Amino acid sequence: MHMVMSGKMKEKIRTCIPGLDDLMSGGIPRGHVVLISGLPGTMKSSLAYNILHNNAKQSGRKGLYISLEQGRDSILEHMAGLGMEHREVETLVSIVDMGYLRLHMEDKAADGESWINIFKLYADNLHNTTEYELLVIDSLPVLELLGKMDDRRNDLFHFFGWLRELGVTTFIVSESSEDPRRVLDEDFLCDGIIRVKKERHGQDITRQIMIDKMRGSKHNTGLYTLLHEGKEFQLTRAIGQ
């Protein structure tokens with residue numbers, strides 16, 4: 001059963017990562033648009049798929065993963081290597097890759113219809129047929145490139161607004177700025193930001209995670225080490241914290 005919070009509290013969507021939901025008073029408010037932001041190699045896509053996979057497995061929630069750069073077979077192989085076999089949730093989680101989308105969009109794009117509008121139509125149609133509750137878009141830089149966003153902030157404002165109207169909880173895989181002091185347009189426009197990064201300790205590299213922003217939910221902003229050993233992600237307090 002899905003947990004519905006009483007009063008004015010929104011239903012919470014769990015990340016299903018032990019310890020992480022506790023940092024957000026139980027999870028992410030339903031309907032939020034959340035960035036999973038970091039540099040390459042920080043397991044952003046794996047985190048996003050983990051949320052879909054385990055929500056389907058544990059709560060029966062339906063999810064849609066739209067990949068704009070990595071092929072479907074490659075995604076399935078990678079996630080299986082992390083202990084997340086797609087066959088366990090294949091009736092609940094749909095994975096669509098860019099090759100499939102392009103195959104169905106080329107004719108309309110040739111007629112002059114904007115790629116973003118075609119993307120929205122496709123996601124809307126899938127929402128009507130599958131009734132997915134969780135959506136992953138991987139990734140924002142590729143979406144921008146294909147969408148040819150001339151007025152970036154205004155275009156993202158309308159796109160994020162459309163996602164909220166869709167009525168699902170959205171996770172967008174995003175690239176973080178090399179300069180930690182630089183705030184990007186999407187940082188202002190989204191409802192939440194989960195940041196992941198890599199740190200070197202001698203010859204070892206660790207991944208770290210923090211909840212940088214989460215509207216409507218009291219959250220811990222501490223830095224934690226993100227581990228993946230065996231079949232699930234785990235959190236520990238970051239070294240030196």
Side-chain angles (χ1 to χ4, degrees), residues 28 31-49 51-52 63-72 74-75 78 94-127 132 134-198 209 212-215:
I28 295 162
H32 269 22
V33 176
V34 178
L35 299 180
I36 299 180
S37 177
L39 295 174
T42 49
M43 299 187 78
K44 303 184 297 295
S45 298
S46 302
L47 278 170
Y49 180 80
I51 294 171
L52 295 194
L64 172 64
Y65 189 110
I66 299 181
S67 173
L68 304 179
E69 45 192 334
Q70 188 176 5
R72 186 176 188 276
S74 175
I75 293 171
H78 178 72
S94 303
I95 299 177
V96 178
D97 65 46
M98 187 59 209
Y100 182 86
L101 284 175
R102 278 183 173 165
L103 182 66
H104 290 75
M105 290 179 175
E106 282 178 350
D107 291 341
K108 288 187 177 182
D111 292 336
E113 188 168 353
S114 77
W115 193 92
I116 289 293
N117 285 340
I118 298 169
F119 178 95
K120 290 177 181 178
L121 179 63
Y122 189 85
D124 264 327
N125 288 339
L126 276 178
H127 188 234
Y132 61 84
L134 307 179
L135 171 64
V136 168
I137 301 173
D138 188 0
S139 65
L140 183 60
V142 181
L143 181 72
E144 286 183 63
L145 179 65
L146 294 171
K148 299 177 181 178
M149 296 183 179
D150 297 322
D151 183 349
R152 189 176 188 274
R153 183 158 191 171
N154 186 58
D155 290 341
L156 285 177
F157 172 81
H158 288 290
F159 183 70
F160 282 24
W162 169 79
L163 287 170
R164 294 185 183 99
E165 290 176 0
L166 193 60
V168 302
T169 306
T170 305
F171 299 89
I172 303 178
V173 176
S174 178
E175 298 293 327
S176 63
S177 171
E178 294 278 2
D179 182 356
R181 297 169 298 178
R182 184 185 175 199
V183 181
L184 303 175
D185 293 331
E186 56 267 34
D187 295 345
F188 288 108
L189 296 171
C190 68
D191 300 304
I193 306 173
I194 299 174
R195 295 200 189 278
V196 285
K197 65 177 184 174
K198 291 190 291 188
I209 189 168
D212 195 25
K213 173 182 178 180
M214 196 59 61
R215 288 175 181 155

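Predicted model, so just to flag it, every value in this text is computed and none were measured.
In terms of the side-chain hydrogen bond (donor to acceptor under 3.5 Å, both in side chains) criterion, residue partners of Y65 (sequence neighbours excluded) are, by chain and number, D138. Applying the side chain to side chain contact (heavy atoms under 4.5 Å, CB included) test to S46 and every residue at least two apart in sequence or in another chain returns M43, H78, M79, L82, F233. Every side-chain hydrogen bond (donor to acceptor under 3.5 Å, both in side chains) that R164 has, sequence neighbours left out, goes to D191. The ring-ring contact (aromatic ring centres under 6.0 Å, His included) check on F160 picks up nothing, with sequence neighbours excluded. For S94, the side chain to side chain contact (heavy atoms under 4.5 Å, CB included) partners are L64, not counting sequence neighbours. Checked against side-chain hydrogen bond (donor to acceptor under 3.5 Å, both in side chains), K197 has the following partners two or more places apart in sequence or in another chain: E199. Among residues two or more places apart in sequence or in another chain, the side chain to side chain contact (heavy atoms under 4.5 Å, CB included) test is passed with F157 by L189. By the salt bridge (Lys or Arg N to Asp or Glu O under 4.0 Å) test, D124 is found to be paired with no residue, residues two or more places apart in sequence or in another chain being considered. Partners of E175 under the side-chain hydrogen bond (donor to acceptor under 3.5 Å, both in side chains) rule, at least two apart in sequence or in another chain, do not exist in this structure.
Interatomic distance, CG of L135 versus NE2 of H127, reported as 9.0 Å (0.5 Å rounding). E69 contributes atom CD, which lies 9.5 Å from atom CG of L146 (distance to the nearest 0.5 angstrom). Between the CG atom in L140 and the CG atom in L145 there is a gap of 11.0 Å [rounded to 0.5 Å]. Taking CG of L163 as the start and NE2 of H32 as the end, the distance is 13.5 Å to the nearest 0.5 Å.
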Which atom pairs, one a donor and one an acceptor, fall under 3.5 Å between side chains of residues 34-41 and the rest of the protein, sequence neighbours left out?
| residue | atom | partner | partner atom | Å |
| --- | --- | --- | --- | --- |
| S37 | OG | R195 | NH1 | 3.4 |

Donor-acceptor contacts under 3.5 Å from residues 165-174 side chains, at least two apart:
| residue | atom | partner | partner atom | Å |
| --- | --- | --- | --- | --- |
| T169 | OG1 | G31 | N | 2.9 |

Practice task
Could you go through the side chain to side chain contact (heavy atoms under 4.5 Å, CB included) check for I193 and D187 one step at a time?
Solution key: CA-CA 7 Å; I193 306 173; D187 295 345; 3.7 Å; yes

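Residues Y132 and L126 meet the side-chain proximity criterion, which asks for heavy atoms closer than 4.5 Å. The shortest side-chain heavy-atom distance between V96 and Y122 falls under the 4.5 Å cut-off. With contacts defined as side-chain heavy-atom distances shorter than 4.5 Å, the pair L47/I209 qualifies. Taking 4.5 Å as the limit, some side-chain heavy atom of I116 sits within range of a side-chain heavy atom of M149.
The minimum heavy-atom distance linking W162 with A123 is given by the pair CH2-CB, 3.7 Å. The two residues C190 and K213 come nearest to each other via the heavy atoms O-NZ, 2.8 Å. Of all the heavy atoms in Q70 and S74, the pair that sits closest is NE2-OG, 2.8 Å.
D97 contributes no side-chain N or O that, together with a main-chain N or O of G71, makes up a donor-acceptor pair within less than 3.5 Å.
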